[in-house]
Amino acid sequence: MHDEKALSTFFSEYMKRNPIFMDKSALKSSYTPDAIQHRDEQIHQVAQILAPCLRFEKPSNLFIYGKTGTGKTLTTKYIMRQILDIAKQNNIPLKTMYINCKLKRVADTEYRLIAQLARDCNLEIPPTGLPTDEVYKLFYAHVDKEKMLLVIILDEIDQLVKKIGDEILYNLTRINDELKNAQITFIGISNDLLFIEHLDARVKSSLSEEEVVFPPYNALQLQSILRERASRAFVADVIGEGVIEKCAAFSAREHGDARRALELMRVAGELAERKGHVKIELHHIDLAQEKIERDWIQETVLMQPKQFQTTLYAILTLYQTRKDTLFTGEIYDLYRKLCRQVSLAPLTQRRISDVIAELDMLGIINAKVISKGRYGRTREITLAAADATLQGMQSLLEDALNLK
DNA sequence: CGAGATTCATGTGAAGTATACCTTTAGGCTTAA
DNA sequence: AAGCCTAAAGGTATACTTCACATGAATCTCGTA
């Protein structure tokens, strides 16, 4: 039982505590700093490629590569913002659009991608029903109403192409031929460095007129980025000895992902603050690491359709009873049983095979096709996350599916 | 003993189906002249 | 007669199913040393 007094004591205690954060947003991934560190070369290249905008000439299409968290999106948005500013001052009609192609049910098919672009122009596009060309036409018509330059940023485009093939890129580059007034420049952002190699030659030459590569940050660079942001985000002297170094090291190991490093910092700070500690210490980072993993999994899992959740639950349950690699067949059997319990129409094994592949793509499970010789071939499924995380995921799914 | 055939359990591609949603069109009803 | 509403017809995207064939190494078979 909570009485009024206890609550008010809590609040007054809370007020007395020294805050740790000054401006938490500086550590969020949406934050765009005034200056970007260690990307001088890339900024210079990208700026040079996009600069023709300011003379109202269409810049070349651009392709940007780099692992996650190497500043691709940040740099691109940063430069675009500057260019937009200057363009505005000089009355140059320039617009940009940003689309993340990975987002499920937003831009993960050709139709949905164009539809999303068209919606960005305030056009009403239904989720299904229209022919794809029709949406293209609506989009052209809107864009082509006046003379202008349009820069479309397609983030994580490798994911989309992996899923539905490269024809879409061909269609996109063809848009310019249809336009009389406006001109479109595409900026493709890819995490996969080999991506362009697998493309059709025509697409390759037209979409990738220019290329810029973003190398990963090393531990030292991560440290200086962290220090810079931390000085904005935190009150002075709340960061314990070696904390920054540890965050940097953690992320440097994961191919120099700055986004991760910053998130780690932020969550560590939040945890410290919630516990009423005055300083962020090393152990907060370990806790933060776990929390981030848990939160990510929770968010991802809950976003999935019921069928995916059920499949995943089957995998988890099997894994609990037998900590070993699992195979498609046994998962499917259990899945069917679960479907009856949850009163869900079971999908065919063919479909579940694809579902498992998608769960693998999401990074929730690891699945690999192997041949067991005489005993057929199957997917070999393993789970990488810590046991505690798996437990959490399982009970989460029990709730979501209304089991037990 | 070893090369080649066999086998199993499922992967994978293509084509078909169900569903949800779209536009167009034609008919019927209302309304105003 | 013109205008408006509605329902049917015809079309699309997506998620899923059905069908049929592809895989690939452990195991089996059989000829040979």
Side-chain angles (χ1 to χ4, degrees), chain A residues 99-142 159-172 174-175 198 200 300-315 318-319 322 324-340 342-362 364-382 400-401:
Chain A
I99 289 226
N100 188 326
C101 305
K102 195 179 65 177
L103 294 176
K104 208 169 175 178
R105 280 154 214 284
V106 175
D108 60 348
T109 69
E110 177 164 16
Y111 179 87
R112 295 211 257 241
L113 176 64
I114 311 300
Q116 198 55 38
L117 285 174
R119 285 195 199 107
D120 277 2
C121 306
N122 296 323
L123 297 172
E124 295 252 333
I125 306 293
T128 171
L130 288 187
T132 308
D133 325 3
E134 193 61 31
V135 185
Y136 269 107
K137 274 181 206 145
L138 286 170
F139 179 63
Y140 301 154
H142 182 88
Q159 305 273 333
L160 182 62
V161 171
K162 230 175 249 164
K163 190 159 179 183
I164 63 168
D166 55 8
E167 208 170 316
I168 181 173
L169 297 181
Y170 180 69
N171 291 337
L172 284 177
R174 225 194 38 193
I175 294 182
H198 308 306
D200 183 297
T300 316
V301 164
L302 288 180
M303 258 178 39
Q304 302 307 316
K306 273 226 155 48
Q307 298 286 4
F308 284 58
Q309 293 181 343
T310 313
T311 311
L312 187 56
Y313 186 78
I315 294 172
L318 274 174
Y319 189 76
R322 211 187 82 225
D324 198 2
T325 53
L326 311 174
F327 305 112
T328 308
E330 45 184 355
I331 290 170
Y332 186 66
D333 289 345
L334 181 54
Y335 160 80
R336 282 197 77 103
K337 278 187 204 137
L338 284 168
C339 278
R340 225 171 303 140
V342 191
S343 54
L344 192 66
L347 302 179
T348 49
Q349 181 155 349
R350 174 73 186 82
R351 179 64 186 143
I352 294 303
S353 176
D354 285 348
V355 169
I356 291 173
E358 281 192 54
L359 288 173
D360 175 46
M361 287 277 283
L362 283 165
I364 301 175
I365 62 174
N366 298 310
K368 203 172 117 200
V369 184
I370 55 150
S371 175
K372 291 188 295 165
R374 185 75 212 299
Y375 304 105
R377 91 202 288 252
T378 182
R379 276 203 174 79
E380 190 180 65
I381 291 135
T382 52
L401 296 169

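Atoms considered below: every heavy atom in the structure, side chains included; atoms not considered: hydrogens, waters and symmetry mates. Residue numbers start from 1 in every chain, and the chains themselves are labelled A, B, ... in the order their sequence lines are given, proteins ahead of strands.
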Self-check item: Rounded distance in Å - NZ (A:Lys137) to C1' (B:dT23)
Solution: 13 Å
Exercise. Give the intermediate values and the outcome of side chain to side chain donor-acceptor pair (under 3.5 Å) for residues A:Tyr332 and A:Arg336.
Key: CA-CA 6 Å; A:Tyr332 186 66; A:Arg336 282 197 77 103; 2.9 Å; yes
Quiz item: Checking salt bridge (charged side-chain N to carboxylate O under 4.0 Å, His left out) for the pair A:Lys337/A:Asp333: CA distance, chi angles, key distance, verdict?
Solution: CA-CA 7 Å; A:Lys337 278 187 204 137; A:Asp333 289 345; over 6 Å; no
Exercise. Would you indicate whether the side-chain heavy atoms of A:Ile125 and A:Tyr111 approach each other to under 4.5 Å?
Key: yes
Quiz item: Is the backbone N or O of A:Thr378 less than 3.5 Å from a side-chain atom of A:Thr328, with the two atoms forming a donor-acceptor pair by type?
Solution: no
Quiz item: Heavy-atom distance under 4.5 Å between the side chains of A:Arg379 and A:Phe327, does that happen here?
Solution: no
Quiz item: First contact, last contact: which nucleotides of DNA chain C are these for chain A, 5' to 3', heavy-atom distance under 4.0 Å?
Solution: C:dG11 to C:dT27
Quiz item: When the nearest nucleotide of DNA chain C is assigned to A:Arg105 and to A:Pro131 on a heavy-atom basis, which residue is associated with the more 5' position?
Solution: A:Pro131
Quiz item: So, do A:Thr300 and A:Gln304 sit near enough that their side-chain heavy atoms are less than 4.5 Å apart?
Solution: yes
Self-check item: Bend angle of the helix from B:dC1-C:dG31 to B:dT31-C:dA1, end axes from five pairs each (to 10°)
Solution: 20°
Practice problem: Please state how far atom OH in A:Tyr111 lies from atom P in B:dC21, giving the value in whole angstrom units. | Solution: 12 Å
Practice problem: Look up atom OG1 in A:Thr132 and atom CG in A:Asn171, then write down how far apart they are to the nearest 0.5 Å. | Solution: 9.0 Å
Quiz prompt | Least distance between heavy atoms, A:Leu113 atom then A:Leu160 atom | solution = CD2-CD2, 3.9 Å
Quiz item: Do A:Arg105 and A:Pro305 come close enough that some side-chain heavy atom pair is under 4.5 Å?
Solution: yes
Practice problem: Quick one, give me the B/S/- string for nucleotides 6-16 of chain B, reading 5' to 3', where B means a protein heavy atom under 4.0 Å from the base and S means that only happens at the primed atoms, P, OP1 or OP2. | Solution: -BBBBSBB---
Self-check item: Sugar-phosphate only, base, or nothing, as touched by A:Pro346 at under 4.0 Å among non-hydrogen atoms
Solution: sugar-phosphate
Self-check item: Evaluation steps, side chain to side chain donor-acceptor pair (under 3.5 Å), between A:Tyr335 and A:Gln307
Solution: CA-CA 9 Å; A:Tyr335 160 80; A:Gln307 298 286 4; 2.5 Å; yes
